[in-house]
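Before any comments, here is the structure.
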Amino acid sequence: MVATSEWKFTRRDVLKLGAVSMSALAIPRVMAAPAATGPVSPPVMAKVAMEVNGKPQALDLDTRTTLLDALREHMHLTGTKKGCDHGQCGACTVIVDGRRINSCLTLAVMHEGAKVTTIEGLGTPDKMHPMQAAFVKHDGYQCGYCTPGQICSAVAVLDEMERDIPSHVTGDLKAKAAVTRMEVRERMSGNICRCGAYSNIHDAIEEVAGGTA
Ligand code: FES
Ligand code: FES
């Protein structure tokens, strides 16, 4: 028998060696996990007062609380929806001092003394706002998740047009903007409907506006 120093590996040996070396690599990573740091500083709190749907509200909030979370988690007004939480879908639209805003993109402490209207403040099932009634009549929703934001936005859109505020597609800045399909599409473009109920939403808005599109 001839002794030899030459190493011979089967495919199985190579696979086993690979598994062992991968485990060896993983161990230092686990050991290197960051150790727990010291005590976490308490949140900075602030008192915020605002009027929501005609009622005064006084809250003691972590200053990082968004208006959306203040409405939903602290005032339990869950009609306003959290969709993307990144200012991209419009589900969280509410009306603040007459202007629509994405409530997920603004801090509650920035609205001290403001007048906020949510979907609950526009109307009730027994006494609906004309825009709510028009959405029901024209079937302007399917799952309904985007609907509170759509309705708040639509109410604000008609108010903007009433006050002659132009949009990106308004042709004549001196003339009153007509409630055309193009105008409504442009002004409502920040409110996404995943169910695609857009044409019915437009019909509802057009009816309330008494438009001609
Ligand atoms: Fe605010 Fe989507 S939840 S824009
Ligand atoms: Fe479902 Fe608009 S009705 S997302």
Side-chain angles (χ1 to χ4, degrees), residues 48 50-53 57 59 61-112 114-125 128-160 165 167-169 179 181-209 211 213:
V48 187
M50 59 181 78
E51 187 182 302
V52 180
N53 299 332
Q57 297 278 356
L59 303 163
L61 294 176
D62 180 331
T63 49
R64 298 166 295 183
T65 308
T66 62
L67 179 59
L68 174 61
D69 285 341
L71 290 167
R72 288 181 56 85
E73 310 300 333
H74 295 263
M75 298 177 226
H76 307 296
L77 293 168
T78 52
T80 307
K81 300 293 184 248
K82 183 180 280 192
C84 63
D85 210 17
H86 282 80
Q88 293 173 354
C89 73
C92 64
T93 306
V94 296
I95 303 169
V96 177
D97 292 331
R99 293 182 61 199
R100 58 192 167 140
I101 62 171
N102 288 334
S103 59
C104 71
L105 279 191
T106 186
L107 297 174
V109 289
M110 295 163 65
H111 300 287
E112 169 72 23
K115 287 194 167 106
V116 181
T117 304
T118 68
I119 190 71
E120 292 93 341
L122 285 179
T124 62
M128 286 192 273
H129 184 282
M131 191 63 78
Q132 290 170 315
F135 267 64
V136 172
K137 178 178 167 191
H138 290 278
D139 213 13
Y141 49 83
Q142 287 181 35
C143 76
Y145 199 80
C146 72
T147 312
Q150 300 275 5
I151 292 177
C152 285
S153 211
V155 169
V157 159
L158 294 189
D159 185 54
E160 283 164 18
I165 297 173
S167 79
H168 185 63
V169 298
V179 184
R181 198 157 283 257
M182 189 68 91
E183 276 287 352
V184 173
R185 273 189 194 161
E186 167 61 20
R187 291 174 192 256
M188 293 292 293
S189 60
N191 289 83
I192 308 300
C193 176
R194 293 160 189 81
C195 299
Y198 295 112
S199 59
N200 294 7
I201 290 171
H202 182 276
D203 290 347
I205 297 172
E206 185 188 351
E207 176 173 308
V208 177

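First listed ligand is number 1; within each ligand, the first listed atom is number 1.
- Atom CG of N200 is separated from atom CZ of F135 by 9.5 Å, given to the nearest 0.5 angstrom.
- The distance from ligand 1 to the heavy atoms of D85 drops below 4.0 Å at these ligand atoms: 2 (Fe), 3 (S).
- Counting the atoms of ligand 2 from 1 in the order shown, those under 4.0 Å from a heavy atom of G144 are 1 (Fe), 3 (S).
- Interface atoms of ligand 1 facing Q88, defined by a heavy-atom separation under 4.0 Å, are 4 (S).
- Within the listing of ligand 1, atoms 1 (Fe), 3 (S), 4 (S) sit less than 4.0 angstrom from a heavy atom of C92.
- Counting heavy atoms from C-beta on, the side chains of I151 and H129 never come closer than 4.5 Å.
- Checked options E183, E186, E160; the residue passing with S167 is E183 (criterion: side-chain hydrogen bond (donor to acceptor under 3.5 Å, both in side chains)).
- For the side chain to side chain contact (heavy atoms under 4.5 Å, CB included) test with N102, the passing option among C92, S153, C84 is C92; the others fail.
- Atom numbering of ligand 1 starts at 1 in the shown order; those under 4.0 Å from a heavy atom of C89 are 2 (Fe), 3 (S), 4 (S).
- For the pairing with Y198, the side chain to side chain contact (heavy atoms under 4.5 Å, CB included) check across V184, I192, N191 returns one residue only, I192.
- The SG atom of C143 and the SG atom of C195 subtend an angle of 100° at atom 1 (Fe) of ligand 2, given to the nearest 10 degrees.
- Atoms of ligand 1 lying under 4.0 Å from any heavy atom of C104, numbered from 1 in the order shown and given with element: 1 (Fe), 3 (S), 4 (S).
- Taking 2.8 Å as the threshold, C84 does not count as a candidate ligand of atom 1 (Fe) of ligand 1, since none of its N, O or S atoms lies below it.
- Nearest to atom 3 (S) of ligand 2 among the protein's heavy atoms is Q142 N, 3.1 Å.
- The protein heavy atom nearest to atom 4 (S) of ligand 2 is R194 N, 3.2 Å.
- The CG atom of N53 sits 8.5 Å away from atom CG of L71, with the distance rounded to the nearest 0.5 Å.
- Taking every non-hydrogen atom of G87 and a distance limit under 4.0 Å, the qualifying atoms of ligand 1 come out as 4 (S).
- Of the N and O atoms on the side chains of H111 and T106, at least one donor lies less than 3.5 Å from an acceptor on the other residue.
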*Between R100 and T93, is a side-chain hydrogen bond (donor to acceptor under 3.5 Å, both in side chains) present by the stated rule, with each step listed?*
CA-CA 6 Å; R100 58 192 167 140; T93 306; over 6 Å; no
